[in-house]
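Everything below concerns the one structure shown next.
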Amino acid sequence: MKREKIYQLLKELSPSDNVLIKGWLRTRRDSKNFSFLEVNDGSCLKNIQIIADSALDNYTEITSLTIGSAVCIRGSLVKSQGKGQTLEIQAQSIEIISLAPESYPLQKKRHTDEFLRTIAHLRPRTNKYGAMFRIRSELSYAIHKFFRDKAFQYIHTPIITGSDCEGAGEMFRVTTLKPDQKIKNDCRKDFFGQETNLTVSGQLSAEMFALALGDVYTFGPTFRAENSNTSRHVAEFWMVEPEMAFCDLEGDMDLAEEMTKFLTMHILDNCAEDIQLFAKFVDKKLMATLETIIAGSFLKLPYSDAIDILNKSGKKFEHEVKFGNDLQTEHERYLAEQYFKKPVIIYNYPKDIKPFYMRMNDDGITVAAMDVLVPGIGEIIGGSQREERPEVLAERMNELGQFPEDYWWYIDSRKYGTVPHSGFGLGFERMLMLLTGVKNIRDVIPFPRTPGSIEF
RNA sequence: UCCCCAGUAGCUCAGUUGGCAGAGCGGGUGGCUGUUAACCACCAUGUCCGCGGUUCGAGUCCGUGCUGGGGAGCCA
């Protein structure tokens with residue numbers, strides 16, 4: 001007999017004989033002549049109720065089953081005589097695969113996220129984290145579906161990289177040298193013969209492929225060695241980076257908006273039950289937030305206008321609002337949460353606060369950069385039109401103290417058939433936070449890596 | 001890295017002016033019941049985060065370290 005998944009059985013409308021399920025016991029309630037077992041196999045949020053009659057030959061063992069124990073149940077799917085479920089399984093046999101000791105840390109009650117983080121290996125067995133990681137899986141699929149439907153090619157850009165100055169923060173060093181050899185600091189003797197790091201972005205590689213395959217994207221792990229201790233940062237996270245040839249900043253912003261909406265709708269359509277858990281127990285305003293994302297269009301606002309709005313707001317900000325300064329978290333939150341109350345795209349930032357590869361605007365002051373800000377999280381997407389003019393690129397690299405010889409292949413792409421092109425990076429975990437209302441990034445990734453914490 | 005808050009039973013937390021260590025849940029035992037985070041009764045549970053200090057006496061006050069959380073910077 002073939003094992004059936006519980007999500008399939010719960011979709012059934014009529015009784016049937018000979019079903020086989022395997023899963024873990026979530027709770028047990030004993031009655032006079034039988035016991036109610038609730039079993040979950042991770043295929044969906046709901047448990048299935050099992051009726052274990054006292055006539056079963058191992059009934060004594062069944063009534064001492066503990067939470068977390070693994071069981072294999074054969075029986076018939078029948079109409080439930082109780083309230084709360086339409087169908088249940090009348091067990092013909094219950095095989096105990098393994099018995100969990102009473103020290104099993106997960107109890108039949110709500111645990112705090114902080115406690116569950118200390119047992120990250122067990123937390124996917126809870127309703128909330130089970131739902132989270134089913135949504136995470138579905139969101140990954142949705143990303144591929146979005147791009148595939150638009151004929152984007154999926155590129156596997158390198159995890160290990162030799163470029164050490166991509167301008168996106170501190171990097172993790174990759175080496176095969178022993179600690180005492182490392183002190184000599186001679187990279188020529190190292191595995192790759194030069195300084196090597198984990199990637200902080202696949203962008204530069206993706207650009208090369210956009211200039212060959214047209215529309216491409218990457219979706220993979222990214223590493224930042226920043227010592228940042230916030231609810232929005234982890235050292236290892238996943239990033240989605242589309243890159244499009246023959247595309248300007250306007251097209252870039254449009255794609256960012258379209259993608260955010262598509263992903264939101266896809267999850268609402270395909271993970272309704274799991275999302276409902278978050279709407280009910282995690283963030284009461286979740287559905288309203290998700291509505292604002294799919295309903296109207298995102299607001300597009302030049303950086304200079306954002307500065308004006310902030311200055312005229314009459315609000316006292318901790319950090320000075322001045323053209324040329326980067327927008328601080330408090331400014332971004334004010335714009336997205338209080339002033340517009342919906343996603344905002346800010347574009348055309350001053351060149352001095354942005355990296356060399358962003359395209360210089362005609363004003364000579366700003367670059368074609370854009371950030372998508374969403375209520376509750378802040379920046380979820382950062383992107384730009386890339387500088388495709390070789391002479392302007394060289395000037396910018398010089399201005400920002402970059403060595404052209406380190407980027408010879410990048411510069412080469414502007415030499416041969418250069419075209420306007422654009423792209424952006426979406427923080428996959430931040431998207432999950434937006435979709436679930438979860439406030440800490442450590443709770444949307446299976447085993448979070450943060451400064452001083454790599455237990456699992 | 002900086003600022004603020006917290007650390008007491010397996011979990012969530014209370015603990016008065018510095019004076020015998022507590023509750024709910026979970027666990028164990030028994031009972032009741034087509035039950036729904038079942039219910040009722042009884043039982044057991046402790047390095048009060050570590051180290052040092054003040055005091056007749058510290059869970060409580062002081063110093064310090066560690067861990068966790070919130071915020072800031074950096075960013076996705």
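Order of the sequence lines sets the chain letters (A, B, ...), proteins ahead of strands, with each chain counted from 1. Just so it is clear, the model here is predicted, and its values are computed rather than measured.
Between A:T27 and B:A38 there is a side-chain N or O to OP1 or OP2 distance below 4.0 Å. Between B:A38 and A:R29, a contact under 4.0 Å exists linking OP1 or OP2 to a side-chain N or O. Side-chain nitrogen and oxygen atoms of A:T329 include at least one within less than 4.0 Å of the OP1 or OP2 phosphate oxygen of B:G73. Between A:N440 and B:G70 there is a side-chain N or O to OP1 or OP2 distance below 4.0 Å. A sub-4.0 Å separation between OP1 or OP2 of B:A72 and a side-chain N or O of A:R232 is present. In this structure, A:S31 reaches the B:G34 phosphate: one of its side-chain N or O atoms is under 4.0 Å from OP1 or OP2.
Rounded to whole Å, the C1' atom of B:U45 lies 11 Å from the corresponding atom of B:G28. A gap of 15 Å separates the C1' atoms of B:C20 and B:C48, to the nearest Å. The same atom, C1', is picked in B:A38 and in B:U47; the two are 37 Å apart, to the nearest Å. Nucleotides B:C39 and B:C25 place their P atoms 8 Å apart, quoted to the nearest Å. Rounded to whole Å, the separation between the P atoms of B:G24 and B:A41 comes to 10 Å. One P atom belongs to B:C62, the other to B:C4, and the distance between them is 15 Å to the nearest Å. Only the C1' atoms considered, B:A23 is 16 Å distant from B:A44, to the nearest whole Å. B:G46 and B:G26 have their C1' atoms separated by 16 Å, with the value rounded to a whole Å.
Side-chain contact check for A:E241 and A:S201: at least one donor-acceptor pair (N or O, by modelled atom type) lies under 3.5 Å. Side-chain atoms of A:T161 and A:N197 form no donor-acceptor pair, as typed in the model, at a separation below 3.5 Å. Side-chain polar atoms of A:E12 and A:Q8 form no donor-acceptor pair below 3.5 angstrom.
Between A:E429 and A:R232 there is no salt bridge, since none of the side-chain N atoms of the basic residue sits less than 4.0 Å from a carboxylate O of the acidic one. With respect to A:D443 and A:R117, a salt bridge is recorded, a charged nitrogen being found less than 4.0 Å from a carboxylate O.
B:U16: no Watson-Crick or G-U partner with both key distances under 3.5 Å is found in any strand. As the counterpart of B:A6, B:U67 is assigned, both hydrogen-bonding distances of the Watson-Crick or G-U wobble pattern falling under 3.5 Å. In this structure B:U47 sits in no base pair that meets the Watson-Crick or G-U test at under 3.5 Å. The partner of B:A41 is B:U29, judged by Watson-Crick or G-U wobble contacts that both fall below 3.5 Å. Pairing partner, B:A72: B:U1, with both Watson-Crick or wobble hydrogen-bond distances short of 3.5 Å.
For A:Q85, whose side chain is taken as the heavy atoms from C-beta onward, the closest listed nucleotide among B:U36, B:G69, B:C74 is B:U36. The side chain of A:E226 approaches B:C74 more closely than any other nucleotide in the set B:C74, B:A72, B:G69. Nearest nucleotide to the side chain of A:Q107, out of B:G69, B:U33, B:C11: B:C11. Each of B:A37, B:C25, B:U1 was ranked by its minimum atom distance to the side chain of A:K108; first place goes to B:A37. Comparing B:A72, B:U35, B:U1 by their closest approach to the side chain of A:N227 singles out B:U1. Nearest nucleotide to the side chain of A:Q328, out of B:C74, B:G34, B:U36: B:C74. Listed nucleotides: B:G69, B:C11, B:A72. Nearest to the side chain of A:H111: B:C11. Taking the side chain of A:T112 as heavy atoms from C-beta on, and the options B:U12, B:G26, B:G70, the nearest nucleotide is B:U12. Among the nucleotides B:G70, B:A76, B:U36, the one closest to the side chain of A:F237 is B:A76. For A:Q49, counting side-chain heavy atoms from C-beta on, the closest listed nucleotide (B:G68, B:A76, B:U36) is B:U36.
In this structure, A:H233 reaches the bases: a heavy-atom distance under 4.0 Å links it to at least one base atom across the strands shown. Residue contacts shown for A:S35 are absent, as no nucleic acid heavy atom lies under 4.0 Å away. When heavy atoms are screened at a 4.0 angstrom cut-off, A:Q81 is found touching base atoms of the nucleic acid. Residue-level contact check: A:F115 touches the backbone only, with heavy atoms under 4.0 Å from sugar-phosphate atoms and none from bases. Using a 4.0 Å heavy-atom criterion, one finds that A:I381 contacts the sugar-phosphate atoms exclusively. Residue A:V240 is classed as having no contact, given no heavy-atom separation below 4.0 Å to the nucleic acid. Residue A:L426 is classed as having no contact, given no heavy-atom separation below 4.0 Å to the nucleic acid.
Atoms NZ (A:K79) and C1' (B:G34) sit 17 Å apart, rounded to a whole Å. Across the protein-nucleic acid pair, A:N33 atom CG and B:U35 atom C1' stand 13 Å apart, rounded to whole Å. Computed from coordinates, the A:D53 CG to B:G34 P distance equals 13 Å when rounded to whole Å. One interatomic measurement links the two molecules: CG of A:D30 to P of B:G28, which rounds to 11 Å at whole-angstrom precision. One can place CD of A:E170 at 13 Å from C1' of B:G73, the figure rounded to the nearest angstrom. Following rounding to the nearest Å, A:E320 (CD) and B:G73 (P) show an atom-to-atom distance of 15 Å. Distance, A:K109 NZ to B:G27 P: 11 Å, rounded to whole Å.
Mapping A:S453 and A:R430 onto RNA chain B via the closest heavy atom, the residue that lands nearer the 5' end is A:S453. Annotation: of the two residues near RNA chain B, A:R333 and A:D326, the 5′-most nearest-nucleotide partner is A:R333.
For B:U36, its base never sits under 3.5 Å from the side chain of A:E88 at any donor and acceptor pair. Between the side chain of A:E102 and the base of B:G10, no donor-acceptor pair of N or O atoms lies under 3.5 Å. Judged by distance alone, with hydrogens and angles left aside, A:S80 brings a side-chain donor or acceptor within reach of the base of B:G34, the pair sitting under 3.5 Å.
Relative ring orientation between A:W238 and A:F219 is described as perpendicular, the plane-to-plane angle rising above 60° on a 0-90° scale split at 30° and 60°.
B:A76 has no stacking from A:F428 on its base ring, since the centres under 5.5 angstrom apart and planes within 30 degrees of parallel are not both found.
In this structure, A:F323 has its ring center under 6.0 Å from that of A:Y303.
Residues passing the side-chain contact (heavy atoms from CB on, under 4.5 Å) test with A:S205 are A:T157, A:P158, sequence neighbours excluded.
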Return a table of donor-acceptor pairs under 3.5 angstrom between the side chains of residues 92-111 of chain A and protein atoms on other chains or two or more places apart.
from	atom 1	to	atom 2	distance (Å)
A:Q92	NE2	A:S76	OG	3.0
A:K108	NZ	A:T27	OG1	3.1
A:H111	NE2	A:Q107	N	3.0

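Taken from CD in A:E138 to CG in A:D274, the straight-line distance is 10.0 Å, to the nearest 0.5 Å.
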